[in-house]
*Asks:* 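The following block contains the structure, expressed as structure tokens.
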Amino acid sequence: MADQGRSLFQWGLPAVLGWLIPGAGHMLLGQVKRGLIIFVAISALFYTGVAVGGTMTVDRQSEPYWFLAQMGSGAHGLVGWYRQDQVYRELLAEPGFVEAAGRLVDRMPNKQMAIDARLAKRGIALTYPEDNIAHAYTGVAGMLNVLCAFDAAMLALMIGAKKRAARLETQSEGGAA
Amino acid sequence: MIATLFVHPMEIPAAQAIFWLLPLTFGVALAYRAMRCEDISKVWHETISLFVKILLGMAILAAGFWSVFQIFL
């Protein structure tokens, strides 16, 4: 049971850390240069996407599938989500917004379109082709980071297996002597 | 300038959107090679090699689709 817990910790920590901070899983396992390159590559991809798309790049409400992919980039995705959520909360708190949205429902299919209209008024609505570029960059960064976190977990398991094999070898040599 | 950059979307002409594939492809190649490259000192060489391979693959696919459209449509 203790061995199982240790094994879960052994590969779980690099995986979770690698998801939260891109490349941190590899750095934890002693592969600092590899981890730094992963961090720079994934962060550059994610923030290029945010620079192209602005605040509404990470949008849980209107782009749920892209949002899922973006969340793969860990802390970067969470920061993007926090900023987008702040804008939504500000919009909903604007005086008269709920009433205006209610009136717009007659002309627009749903409340989301009323929100989009307000976003456009503020100059932060995401439209073609910027939306495609921003979502591709941030989504790909997220999916790549999941792959990196998985790789860090596999690396941790391999290192653990090698250590166990070396220990067993030493023990058997000790027994033979 | 930086605050505006990360708040408001950039204005990119639709015709230029395709060129944004180049840095995206390079980033994918770099992150993938950083994971898979056994000798980390060769990572840039292998990244450029993978970048060129992906671009060639996309160009061949584009040419194939273009031919299909020209012949059948």
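Chain naming here is simple, since letters A, B, ... match the order of the sequence lines and numbering starts at 1 in each.
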*Asks:* Which pair of non-hydrogen atoms, one from A:Leu45 and one from B:Leu24, has the smallest distance, and what is that distance?
*Replies:*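 Between these two residues, the closest heavy atoms are CD2-CD1, 3.9 Å.
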*Asks:* What about B:Ile40 and A:Ile159, same hydrophobic cluster or not, with Ile/Leu/Val/Met/Phe/Trp/Tyr joined at side-chain heavy-atom distances under 4.5 Å?
*Replies:*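 Looking at the clustering, A:Ile159 is in a separate group from B:Ile40.
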*Asks:* Between A:Val87, A:Val50, A:Leu155, which residue shows the highest count of heavy-atom pairs closer than 4.5 Å to chain B?
*Replies:*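 Max contact count across the listed options: A:Val50.
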*Asks:* May I ask you to name which of A:Ala125, A:Ala51, A:Pro129 has the most heavy-atom pairs under 4.5 Å with chain B?
*Replies:*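 Of the options given, most contacts go to A:Ala51.
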*Asks:* Looking at A:Leu126, A:Ile133, A:Ile38, which has the largest count of heavy-atom pairs under 4.5 Å with chain B?
*Replies:*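 The candidate making the most pairs under 4.5 Å is A:Ile133.
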*Asks:* Any link between B:Ile54 and B:Ile18 through a network of hydrophobic side chains (Ile, Leu, Val, Met, Phe, Trp, Tyr) touching at under 4.5 Å?
*Replies:*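 Same cluster: B:Ile54 reaches B:Ile18 through Ile, Leu, Val, Met, Phe, Trp or Tyr contacts under 4.5 Å.
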*Asks:* Do chain B and chain A have donor-acceptor pairs under 3.5 Å, and which are they?
*Replies:*
{"residue": "B:Phe6", "atom": "O", "partner": "A:Thr55", "partner atom": "N", "Å": "3.4"}
{"residue": "B:Phe6", "atom": "O", "partner": "A:Arg83", "partner atom": "NH1", "Å": "3.3"}
{"residue": "B:Phe6", "atom": "O", "partner": "A:Arg83", "partner atom": "NH2", "Å": "3.2"}
{"residue": "B:Val7", "atom": "O", "partner": "A:Thr55", "partner atom": "N", "Å": "2.9"}
{"residue": "B:Val7", "atom": "O", "partner": "A:Thr55", "partner atom": "OG1", "Å": "3.2"}
{"residue": "B:His8", "atom": "ND1", "partner": "A:Gly123", "partner atom": "O", "Å": "3.0"}
{"residue": "B:Met10", "atom": "N", "partner": "A:Val52", "partner atom": "O", "Å": "2.9"}
{"residue": "B:Ile12", "atom": "N", "partner": "A:Glu130", "partner atom": "OE2", "Å": "2.8"}
{"residue": "B:Trp20", "atom": "O", "partner": "A:Tyr137", "partner atom": "OH", "Å": "2.6"}
{"residue": "B:Leu24", "atom": "N", "partner": "A:Tyr137", "partner atom": "OH", "Å": "3.2"}
{"residue": "B:Ala34", "atom": "O", "partner": "A:Arg34", "partner atom": "NH1", "Å": "2.9"}
{"residue": "B:Met35", "atom": "O", "partner": "A:Arg34", "partner atom": "NH1", "Å": "3.3"}
{"residue": "B:Arg36", "atom": "NH1", "partner": "A:Asp151", "partner atom": "OD1", "Å": "3.4"}
{"residue": "B:Arg36", "atom": "NH2", "partner": "A:Asp151", "partner atom": "OD1", "Å": "3.2"}
{"residue": "B:Cys37", "atom": "O", "partner": "A:Arg34", "partner atom": "NH1", "Å": "2.6"}
{"residue": "B:Cys37", "atom": "O", "partner": "A:Arg34", "partner atom": "NH2", "Å": "3.0"}

*Asks:* Using the test ring-ring contact (aromatic ring centres under 6.0 Å, His included), find all partners of B:Phe26 that sit at least two apart in sequence or belong to another chain.
*Replies:*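 B:Phe26 satisfies ring-ring contact (aromatic ring centres under 6.0 Å, His included) with B:Phe51 only.
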*Asks:* Is A:Leu20 reachable from B:Met35 through a run of hydrophobic residues whose side-chain heavy atoms are each under 4.5 Å from the next?
*Replies:*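 Yes.
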*Asks:* If you look at every heavy atom in B:Gly27 and A:Ala41, which pair is closest and at what distance?
*Replies:*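 Heavy atoms of B:Gly27 and A:Ala41 come nearest at O-CB, 4.2 Å.
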*Asks:* Got a list of side-chain donor-acceptor pairs under 3.5 Å for residues 55-73 of chain B, not counting sequence neighbours?
*Replies:*
{"residue": "B:Ser67", "atom": "OG", "partner": "B:Ala63", "partner atom": "O", "Å": "2.7"}

*Asks:* With a 4.5 Å cut-off on side-chain heavy-atom distances among I, L, V, M, F, W and Y, is there a chain of contacts connecting A:Ile21 to A:Val79?
*Replies:*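 Cluster IDs for A:Ile21 and A:Val79 differ.
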*Asks:* Does atom CG (A:Leu78) have a neighbourhood of more than 12 heavy atoms from anything else shown, all under 6.0 Å?
*Replies:*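 Enclosed: over 12 neighbouring heavy atoms sit under 6.0 Å from CG of A:Leu78.
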*Asks:* Quick check: closest heavy atoms across A:Leu144 and B:Val28, and the distance to 0.1 Å?
*Replies:*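 Taking every non-hydrogen atom into account, CD1-CA, 3.8 Å.
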*Asks:* For A:Leu36, give me all partners under side-chain contact (heavy atoms from CB on, under 4.5 Å), at least two apart in sequence or on another chain.
*Replies:*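 Partners of A:Leu36 by the side-chain contact (heavy atoms from CB on, under 4.5 Å) criterion, ordered by chain and then number, come out as A:Met27, A:Val32.
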*Asks:* Looking at B:Ala31, B:Pro13, B:Ala14, B:Ala34, which has the largest count of heavy-atom pairs under 4.5 Å with chain A?
*Replies:*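 Among the listed options, the one with the most contacts to chain A is B:Ala34.
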*Asks:* Please determine whether residues A:Leu157 and A:Val16 belong to a single hydrophobic cluster, defined as Ile, Leu, Val, Met, Phe, Trp and Tyr linked transitively by side-chain heavy-atom distances below 4.5 Å.
*Replies:*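 Not linked; separate clusters.
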